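Since we're looking at a predicted model, the values are computed, not measured. Note that ligands are numbered from 1 as they come in the structure, with each ligand's atoms numbered from 1 the same way.
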Amino acid sequence: MNTLVIGSGAREHAIVWSLSRGPDYCSGKPPRERLFVAPGNAGTHELATNLPLDPGNPAAIVAACRELGIELVIVGPETSLAAGLVDALGAAGIPAFGPPASAARLESSKAFARSFSDRARIPSAQTRNFSSARELRRFLDELGGRRIVLKKSGLAAGKGVFESDDPAELFSFGRAVLESDELLAEEYLVGSELSVFALCDGSDHLLLPACADHKKAGAGDSGPNTGGMGAFCPVPTSDPALMARIEREIIEPSFVAMEREGLRYRGVLFFGVMVTAQGPKLLEYNVRFGDPETQSLLPLLDSSLMELCHGVARGRLCSLRPSFSKDLAIGVVVAAPGYPGSYPKDIPVEIDEFGAQGMIFHASTYRDAMGRIRTGGGRSFTAVGMAGNWKDASDSAYALAKAIRFEGAWFRPDIGEKLLNRLNPGVGSGTQ
Ligand code: AMP
Ligand code: GLY
């Protein structure tokens with residue numbers, strides 16, 4: 001089947017890699033003639049045909065789909081979904097994995113998502129919306145040093161969230177957001193975070209193994225929020241009883257409310273969940289696969305990703321039972337100097353993978369005229385280790401992360417470490 005994946009991140013490299021291993025691309029014409037990525041990166045170039053298209057330009061993508069006879073489009077980034085790509089594909093009769101813009105608002109407007117989840121009576125943090133700095137000032141004056149979380153309502157690549165107990169810091173962040181967007185203030189929730197993915201074909205849904213992300217830039221969850229500095233899958237604490245409770249209290253009510261409110265959805269809905277002492281609470285919805293979670297999740301998928309995406313896009317999910325390896329996966333993001341602040345691009349990269357077990361997924365990299373790989377983004381690579389136990393998976397992931405060399409490259413040294421310490425007190429994961 002001719003397939004187009006939209007995006008250029010490590011998530012999209014992992015999707016292309018997983019598709020290219022499936023039965024659809026293991027025989028017949030070479031995958032490069034049937035598997036396309038727009039715009040892709042230096043990693044996807046090894047597996048598929050990169051198309052120099054703007055993922056935010058639905059008309060250009062529809063035209064390319066017609067020309068290439070594309071039968072399925074899998075949309076990675078939320079920006080393309082919010083820009084109405086799936087609506088444009090639908091109007092052209094091209095099946096897509098991803099929601100239309102009306103449902104993508106569950107991610108592109110946190111204000112909409114929170115009022116939706118409140119209408120659906122889903123447990124979440126107490127929230128207040130602000131549209132002026134004066135209201136915010138009055139609220140902060142009455143806060144009395146309580147820790148809260150401020151959020152920009154619109155898309156912000158994981159960087160529109162700020163938590164603090166300092167009213168001056170909070171005001172300065174909030175005022176800057178209010179210059180261009182709505183602002184939400186949330187009760188600060190304490191607990192452990194889970195990323196839960198539900199595939200949805202418009203009527204049925206299917207849960208994938210839970211993942212854990214590491215949102216903060218620094219070791220020990222210090223420093224600013226990022227898009228995610230590493231993840232692991234599956235999560236040992238996400239036992240069947242917890243997952244059943246999350247499904248009953250968060251996931252099912254979300255799908256029931258979507259149906260009631262006419263939000264048609266064929267794709268993956270990502271539930272950011274905080275497991276608190278009072279039970280699981282919804283932090284946010286995302287309307288696509290997580291990054292970096294996908295890079296740890298898909299290497300564990302034993303069955304065909306193509307079959308799953310096809311089932312979602314054509315409303316035939318109920319007959320599918322995906323199988324997953326018993327292995328465990330840890331993904332470590334290797335970032336450019338300065339990320340999540342401003343960072344240089346076009347830095348030459350050397351990769352010495354010799355002997356290391358696992359995968360390296362590229363994000364926004366490209367090859368220069370000399371054939372040398374160069375960086376193009378902030379979170380430049382995800383190094384993924386897989387093994388039958390956490391220690392070996394972590395050692396492989398860190399061996400690969402260290403094999404990626406460019407000036408100023410850095411990674412969090414403690415991805416999965418809390419988990420490892422809980423399983424084997426006294427044993428740390430690989431560090432720099
Ligand atoms: P969001 O984009 O809403 O998921 O927020 C990004 C990250 O900020 C989450 O993954 C959490 O780590 C953290 N966060 C968001 N909301 C809260 C909250 N109410 N309490 C504690 N942490 C939060
Ligand atoms: N890893 C969280 C996200 O994809 O937004």
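The Glu186 neighbourhood of ligand 1 comprises atoms 16 (N), 18 (C), 19 (N), with distances under 4.0 Å to a heavy atom of that residue. Heavy-atom contacts of Lys151 reach the following atoms of ligand 1: 3 (O), 15 (C), 16 (N) (cutoff under 4.0 Å). Under a 4.0 Å criterion applied to the non-hydrogen atoms of Lys110, ligand 1 contributes the atoms 1 (P), 2 (O), 3 (O). Each of the following atoms of ligand 1 lies closer than 4.0 Å to a heavy atom of Lys215: 10 (O), 12 (O). Numbered from 1 in the order shown, with element, the atoms of ligand 1 that lie under 4.0 Å from a heavy atom of Glu187 read 18 (C), 19 (N), 20 (N).
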Query raised in the report: Checking ring pair (Phe, Tyr, Trp, His ring centres under 6.0 Å) for the pair Phe411/Phe381: CA distance, chi angles, key distance, verdict?
Result: CA-CA 10 Å; Phe411 49 82; Phe381 296 88; over 10 Å; no
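Screening Tyr188, Phe162, Phe139 for a side-chain contact (heavy atoms from CB on, under 4.5 Å) with Ile148, the sole residue that qualifies is Phe139. Among the candidates Asp346, Asn41, Thr375, the single residue satisfying the side chain to side chain donor-acceptor pair (under 3.5 Å) test with Tyr366 is Asp346.
Residues Glu417 and His214 bring no donor and acceptor atom of their side chains to less than 3.5 Å of each other. Of the N and O atoms on the side chains of Asp302 and Ser323, not one donor lies less than 3.5 Å from an acceptor on the other residue.
The pair Glu12-Arg288 does not meet the salt-bridge criterion, since no charged nitrogen lies less than 4.0 angstrom from a carboxylate oxygen. With respect to Glu284 and Lys151, no salt bridge is recorded, no charged nitrogen being found less than 4.0 Å from a carboxylate O. With salt bridges taken as basic N to acidic carboxylate O contacts below 4.0 Å, one links Lys216 and Glu163. Taking a cutoff of 4.0 Å between a charged side-chain nitrogen and a carboxylate oxygen, Arg119 and Glu261 qualify as a salt bridge.
The nearest heavy-atom contact from the protein to atom 22 (N) of ligand 1 is Met274 CE, 3.9 Å. Ranking protein heavy atoms by distance to atom 9 (C) of ligand 1, first place goes to Glu193 OE2, 3.3 Å. Nearest protein heavy-atom contact of atom 23 (C) of ligand 1 is Leu283 CD2, 4.0 Å.
Checking only distances, Leu189 does come within under 3.5 Å of ligand 1, N or O to N or O. Remark: ligand 1 and Tyr188 share no N or O pair separated by less than 3.5 Å (distance only, no angle test).
No side-chain donor-acceptor contact under 3.5 Å links Arg245 to the backbone of Gly279.
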Which N/O atoms of ligand 2 sit under 3.5 Å from a protein N/O, and at what distances?
unit_1	atom_1	unit_2	atom_2	d
ligand 2	1 (N)	Asp213	OD2	2.7
ligand 2	1 (N)	Gly227	O	3.4
ligand 2	1 (N)	Asp291	O	2.9
ligand 2	1 (N)	Glu293	OE1	2.7
ligand 2	1 (N)	Glu293	OE2	3.2
ligand 2	4 (O)	Arg288	NH1	2.7
ligand 2	4 (O)	Asp291	N	2.9
ligand 2	4 (O)	Asp291	O	3.4
ligand 2	5 (O)	Arg288	NH1	3.4
ligand 2	5 (O)	Arg288	NH2	3.0

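A cation-pi contact links Arg137 to Phe171, judged by a cut-off of 6.0 Å to the six-membered ring centre and 45° from its axis.
Among Asp221, Val161, Val149, Val273, the residue whose heavy atom lies nearest to atom 6 (C) of ligand 1 is Val161.
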